[in-house]
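Heads up, the thing below is written out as structure tokens.
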Amino acid sequence: MPRFSRGFDTDAAHAHLVRRDRKLARWMKKIGPIEPDPRWRKPFDPVDALARAILYQQLSGKAAATIVGRVEAAIGATRFHADTLARIDDAGLRACGVSGNKTLALRDLAAREARGEIPDLRRMSVMDNDAIVQALVPVRGIGRWTVEMMLMFRLGRPDVLPTDDLGIRKGAQRVDALEEMPTPKVLAETGERWGPYRTYASLYLWRIADFAAAAKVPTKRSQD
């Protein structure tokens with residue numbers, strides 16, 4: 001059974017993309033090399049990571065961090081699992097600022113973990129991207145995008161293209177000088193030329209979208 005390593009050779013990815021897409025290559029030269037993400041080598045717990053992803057959804061980083069800190073204090077642990085989440089009831093979660101929908105999502109995640117449905121890092125190391133997506137998206141509150149972020153930034157999988165991500169689509173629009181953002185279907189077709197390093201292309205597309213947004217910010221004129 002093949003084993004998937006965490007992380008990939010960004011130098012090889014850079015060289016490949018420069019060869020395969022001249023338009024993207026011009027942006028890559030402007031932005032410069034993107035270094036490997038240090039999180040690719042750090043151990044993490046998928047259940048804890050998914051619980052935190054649920055808590056952070058639709059909130060600012062500061063607000064979410066405050067709620068996470070309250071839950072950690074209430075359960076007396078810094079890792080979220082079926083056993084630690086069992087230490088607090090739904091009313092307690094609500095008192096910490098966790099919404100009703102997120103409470104249901106955390107309970108579903110915990111129940112699935114208890115049934116052995118959430119693969120750990122060892123199991124994920126022999127699962128391809130689609131298998132991991134299929135294993136995790138049934139969890140309430142966890143969509144494909146959330147799993148794709150785990151694949152890219154925690155597992156370091158080299159060939160992930162989040163076609164529904166607004167920033168990715170904006171970056172692709174900028175690269176190809178399109179009047180409108182490409183649809184997810186069109187973006188998936190375009191992304192074929194970036195494989196097997198679509199993750200690295202995605203990192204550039206996000207930066208290109210940020211670059212374009214910054215360029216549109218008007219500068220204040222000095223008052224005469």
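Hydrogens, waters and symmetry mates are skipped; everything else that's a heavy atom, side chains included, is used. Keep in mind it's a predicted model, so treat the numbers as computed, not measured.
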Open item on the list: Let me confirm one number: the CD1-CD1 distance from Ile31 to Ile208, rounded to the nearest 0.5 Å.
Closed with: 4.5 Å

TODO: Classify the ring geometry between Phe8 and Tyr197 as parallel (under 30°), tilted (30 to 60°) or perpendicular (over 60°).
DONE: tilted

Open item on the list: With clusters defined by side-chain heavy atoms of hydrophobic residues (ILVMFWY) lying less than 4.5 Å apart, directly or transitively, does Leu187 cluster with Trp27?
Closed with: yes

Task: Gap separating the CZ atom of Arg207 from the CE atom of Met28, nearest 0.5 angstrom - done: 11.0 Å

Task: Closest heavy-atom pair and its distance - Asp11, Asp9 - done: N-OD1, 2.9 Å

Open item on the list: Is any side-chain heavy atom of Pro46 closer than 4.5 Å to one of Pro119?
Closed with: no

TODO: Could you give me the CA-CA distance, side-chain angles and deciding distance for Thr10 and Leu203, then say whether side chain to side chain contact (heavy atoms under 4.5 Å, CB included) is met?
DONE: CA-CA 11 Å; Thr10 54; Leu203 299 180; over 6 Å; no

- [ ] Please round to the nearest 0.5 Å and tell me the distance separating atom CE of Met152 and atom CH2 of Trp206.
- [x] 3.5 Å

Task: From CG (Leu155) to CG (Asp37), nearest 0.5 Å - done: 11.5 Å

Task: CD on Glu148 to OG1 on Thr163, rounded to 0.5 Å - done: 6.5 Å

Task: Donor-acceptor pair, side chain of Arg39 and main chain of Arg154, under 3.5 angstrom - done: no

Task: Residues that Arg122 engages under side-chain contact (heavy atoms from CB on, under 4.5 Å), provided they are two or more places apart - done: Asp120

TODO: With the side chain counted from C-beta on, respond yes when Met149 and Pro162 share a heavy-atom pair under 4.5 Å apart, and no when they do not.
DONE: yes

- [ ] Would you indicate whether the side-chain heavy atoms of Arg6 and Leu121 approach each other to under 4.5 Å?
- [x] yes

Task: Stepwise side chain to side chain contact (heavy atoms under 4.5 Å, CB included) test for Ser202 and Asp165 - done: CA-CA 10 Å; Ser202 297; Asp165 187 276; over 6 Å; no

Task: Leu104 reachable from Leu50 in the ILVMFWY side-chain graph, under 4.5 Å edges - done: no

- [ ] First locate atom CE of Met124, then atom CG of Asn129, and finally report the distance between them rounded to the nearest 0.5 Å.
- [x] 11.0 Å

Task: Single-linkage hydrophobic cluster, 4.5 Å side-chain cutoff, Trp40 and Ile34 together - done: yes

- [ ] Work out which heavy atom in Leu55 is nearest to a heavy atom in Ala64; give both atom names and the distance.
- [x] O-CB, 4.1 Å

Task: Sidechain-backbone polar pair: Gln173 side chain, Leu178 backbone, donor-acceptor under 3.5 Å - done: yes

TODO: Please name the pair of heavy atoms, one in Met181 and one in Lys170, separated by the smallest distance, quoted to 0.1 Å.
DONE: SD-CG, 3.3 Å

Task: Side-chain heavy-atom pair Thr146, Ile54 within 4.5 angstrom cut-off - done: no

Open item on the list: When you measure from the side chain of Glu113 to the backbone of Val47, do you find a donor-acceptor pair of N or O atoms at a distance under 3.5 Å?
Closed with: no

Open item on the list: Go through it in stages, so that I can follow the logic: the residues are Leu106 and Phe80, the test is side chain to side chain contact (heavy atoms under 4.5 Å, CB included), and I'd like the CA-CA distance, side-chain angles, deciding distance and then a yes or no.
Closed with: CA-CA 9 Å; Leu106 289 175; Phe80 298 128; 6.0 Å; no

Task: Heavy-atom side-chain contact between Leu151 and Val133 under 4.5 Å - done: yes

TODO: Indicate the atoms forming the closest heavy-atom contact of Leu24 with Ala201, along with that distance.
DONE: CD2-CB, 4.3 Å

- [ ] Taking all heavy atoms of Pro182 and all of Arg169, pick out the closest pair and write down the distance.
- [x] O-NE, 2.8 Å

Open item on the list: With heavy-atom distances below 4.5 Å as the criterion, would you say the side chains of Thr190 and Val175 are in contact?
Closed with: no

TODO: Output yes when a side-chain donor or acceptor of Tyr200 lies under 3.5 Å from a complementary backbone atom of Ala12, and no otherwise.
DONE: no

Open item on the list: Quick one: does any side-chain atom of Thr199 pair with a main-chain N or O of Val160 as donor and acceptor, under 3.5 Å?
Closed with: yes

Open item on the list: Looking at Asp164 and Arg144, is there a salt bridge between them, counting it only when a charged N and a carboxylate O are closer than 4.0 Å?
Closed with: no

TODO: For the pair Arg193 and Asp21, find out whether any cationic side-chain nitrogen is under 4.0 Å from an anionic carboxylate oxygen.
DONE: yes

Task: Main-chain N/O of Gly195 paired with His16 side-chain donor or acceptor, under 3.5 Å - done: yes

Task: Expected output: side-chain Arg70 to main-chain Ala95 donor-acceptor under 3.5 Å - done: no

TODO: Identify the two heavy atoms, one from Met127 and one from Ala135, that lie closest to each other, and give their separation to 0.1 Å.
DONE: CE-CB, 4.1 Å

Task: Expected output: side-chain Arg112 to main-chain Leu136 donor-acceptor under 3.5 Å - done: no

TODO: Using the six-membered ring of Phe4, assess whether NZ or CZ of Arg157 lies under 6.0 Å from its centre and within 45 degrees of the ring axis.
DONE: yes

- [ ] Any side chain to side chain donor-acceptor pair (under 3.5 Å) involving residues 84-104? Give me the pairs, sequence neighbours left out, ordered by first then second residue.
- [x] Asp90-Arg107

Task: Heavy-atom side-chain contact between Tyr204 and Lys30 under 4.5 Å - done: no

